[in-house]
Amino acid sequence: IAKAIHSKKSSPSIYSLDARNKAWSDPQLSAAKYEAAFTNSPHYKAISRLSDGALVEVNDAFERITGYSRDEALGKTTVELGLWVDPSQRERCIALARAGETVREQVKYRVKGGKILDCELTVSIFELGGEEYLFGSLDDRTQLIAAEKAKSESEARFRSLFEHAPDALLIVNGSGEVEFANLAAARLFNCRRERIAEMGIENLIPVLEANYQGTKFTGFDKIQQLTAESNEPIVTTIDRRGTEKPVHLFINKFSTLMGDRYSITLRDISEQVAAVKRSERLNVELRDTIDVLEKLNRNNTILSEMIDLLHACTNQAEAAKIASHYLPELFPGAFGALYLNDNDQTVLNAVAFWGENFTVPDTILIGDCWALRRGRSFETRNSKTDIACEHVTLTNAPYQLCLPLLAHGEVIGLLHLGLDENIDAVSRSLTQTVADHISLGMANIRLREDLRAQAYRDPLTGLFNRRHLKE
């Protein structure tokens with residue numbers, strides 16, 4: 001191609017080489033330029049007649065890209081070779097070139113093996129020897145477009161992962177400003193994402209405040225220190241309403257063209273912490289229940305032994321001794337006194353004592369005790385406002401309990417106990433049980449004594465009868 005002439009002055013796409021004839025006048029120089037610009041170009045280049053579309057010249061890149069050899073291509077049109085996926089694109093490119101527009105179109109080309117390439121096509125028209133020719137240059141952009149698509153898809157996946165990650169994610173710059181926050185962060189801090197940036201990292205995560213200097217974010221060092229102490233450091237965040245929430249904190253430092261950035265991941269563990277607290281509370285309750293059951297079992301064992309011995313007693317003195325022996329085991333650290341009615345409906349005499357550092361009277365009047373008057377237990381606390389029995393000394397113990405011993409509607413005696421004011425429900429219930437069994441034991445002893453007296457004495461005179469004399 002030695003020379004082209006301008007056929008349309010108004011068309012910038014139709015070239016005239018007349019002005020450059022001198023530059024091309026040297027045949028060797030012209031051949032070298034043609035070789036460099038056309039034959040050895042890395043891009044597909046082809047020349048075809050505009051009249052019938054037949055290819056008249058192709059370069060090496062044409063053969064490499066399309067898979068058709070020079071001999072296979074020359075004399076045939078690009079449509080006949082099946083290079084156009086959409087032949088209408090060729091007509092459009094020619095129309096644009098004829099109209100004088102710069103033709104640079106994104107087209108799809110089908111190569112010999114059937115593979116379709118994404119290409120950028122540049123088209124121009126020139127005239128030579130009275131014949132118009134179409135010059136086409138094709139840049140294979142398949143890999144570039146694929147790379148850009150992969151990049152776009154990767155960015156979309158990353159954006160989706162970032163936005164919809166279950167953990168709160170923050171991107172913080174070197175000044176401690178929050179540049180990005182995902183949806184989970186908005187939920188964690190209970191505010192819009194725009195508001196998170198306004199709050200500042202030192203308000204969102206107070207643990208970083210000590211290392212936040214306003215001009216340089218140094219919280220990364222603080223997190224490194226926390227991470228050295230624990231693989232998953234737990235810190236507290238504060239949302240817009242001031243609510244504190246425990247979170248696992250992870251932080252990574254990375255570099256960008258705009259400087260260092262920090263990726264902060266916050267995993268809300270409020271439910272886990274609440275579950276741990278519930279578990280700890282249940283464990284405490286379970287231990288308390290086990291302690292109560294063990295205490296009940298121990299008390300029942302001691303009480304069973306005491307009851308068995310009470311039923312074997314032959315007189316009240318033995319029963320009083322048994323009671324004073326087992327009651328300190330049932331109520332450790334307590335003091336007490338056992339009073340019995342000696343056939344006198346107004347006075348009770350003390351028959352047993354146990355405990356230390358207390359003072360109780362040897363005898364009490366039935367009218368001096370509220371429990372005996374009312375026929376049920378009465379408690380007195382060491383308080384000036386409490387009503388106390390006349391026989392009770394307030395300084396003996398902070399909590400004192402009077403339990404009447406009743407049987408068949410009669411007063412048998414009184415059980416007086418000095419206990420700790422924080423007595424548990426198990427021990428409090430046990431006091432009434434003990435009183436009931438002592439009452440029953442003493443009543444049985446009295447019945448046996450009455451029967452023995454009736455068997456050995458005359459009911460009218462009270463003198464010993466014949467049976468007593470025989471024995």
Side-chain angles (χ1 to χ4, degrees), residues 295-345 347-366 368-372 374-380 389 391-393 396-397 399-420 423-424 426-452:
K295 187 173 184 179
L296 282 173
N297 183 58
R298 172 182 171 276
N299 290 342
N300 288 336
T301 301
I302 297 174
L303 186 61
S304 177
E305 292 179 3
M306 185 186 75
I307 294 171
D308 184 59
L309 292 175
L310 284 176
H311 290 324
C313 292
T314 59
N315 54 63
Q316 292 183 347
E318 287 183 350
K321 185 177 180 180
I322 295 299
S324 63
H325 174 76
Y326 282 98
L327 286 177
E329 294 186 31
L330 292 171
F331 305 103
F335 75 84
L338 178 62
Y339 295 89
L340 293 178
N341 181 2
D342 189 14
N343 297 321
D344 190 334
Q345 297 300 318
V347 179
L348 299 179
N349 298 315
V351 295
F353 303 94
W354 61 91
E356 299 178 353
N357 301 322
F358 69 96
T359 302
V360 292
D362 293 332
T363 60
I364 60 174
L365 298 176
I366 292 179
D368 292 341
C369 182
W370 289 103
L372 296 175
R374 300 164 68 238
R376 60 177 183 270
S377 63
F378 184 80
E379 61 183 30
T380 303
C389 297
H391 65 92
V392 171
T393 303
N396 282 339
Y399 176 74
Q400 299 184 59
L401 187 64
C402 295
L403 297 153
L405 305 181
L406 305 174
H408 310 295
E410 297 181 358
V411 175
I412 296 176
L414 175 70
L415 179 61
H416 180 203
L417 296 173
L419 305 166
D420 188 278
I423 183 174
D424 55 77
V426 174
S427 297
R428 180 65 182 83
S429 175
L430 182 62
T431 58
Q432 187 61 53
T433 302
V434 169
D436 292 341
H437 283 292
I438 292 176
S439 299
L440 183 59
M442 293 297 182
N444 288 337
I445 291 173
R446 283 196 173 187
L447 287 175
R448 286 197 296 271
E449 290 178 347
D450 289 342
L451 289 174
R452 187 179 298 109

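In this text, all values refer to a predicted model and were calculated from it rather than measured experimentally. Heads up: numbering here begins at 1 and tracks the sequence.
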Polar side-chain atom of N300 near backbone of L296 as donor-acceptor pair, under 3.5 Å: yes
Aromatic plane relationship, F353 with F358 - under 30° parallel, 30 to 60° tilted, over 60° perpendicular: tilted
For the student: nearest non-hydrogen atoms of A323 and I438, plus distance: CB-CD1, 4.1 Å
Pairwise distance CG(N299) to CD(E329) - rounded to 0.5 angstrom: 10.5 Å
Closest non-hydrogen atom pair, L414 against C402: CD1-CB, 4.0 Å
Closest heavy-atom pair and its distance - T393, Q400: O-NE2, 2.7 Å
Nearest non-hydrogen partners of L403 and S377, listed with the distance: CD2-CB, 3.5 Å
Considering all heavy atoms, the nearest D368-C389 contact: O-CB, 3.5 Å
Nearest heavy atoms of A350 and P361, plus distance in Å: CB-O, 4.3 Å
Step-by-step side-chain hydrogen bond (donor to acceptor under 3.5 Å, both in side chains) determination, D436 to T433: CA-CA 5 Å; D436 292 341; T433 302; 5.6 Å; no
Side-chain donor or acceptor of R298 paired with backbone N/O of L330 under 3.5 Å: no
Heavy atoms of other groups near E410 CD, more than 12 under 6.0 Å: no
Non-hydrogen side-chain atoms of V434 and F331 separated by less than 4.5 Å: yes
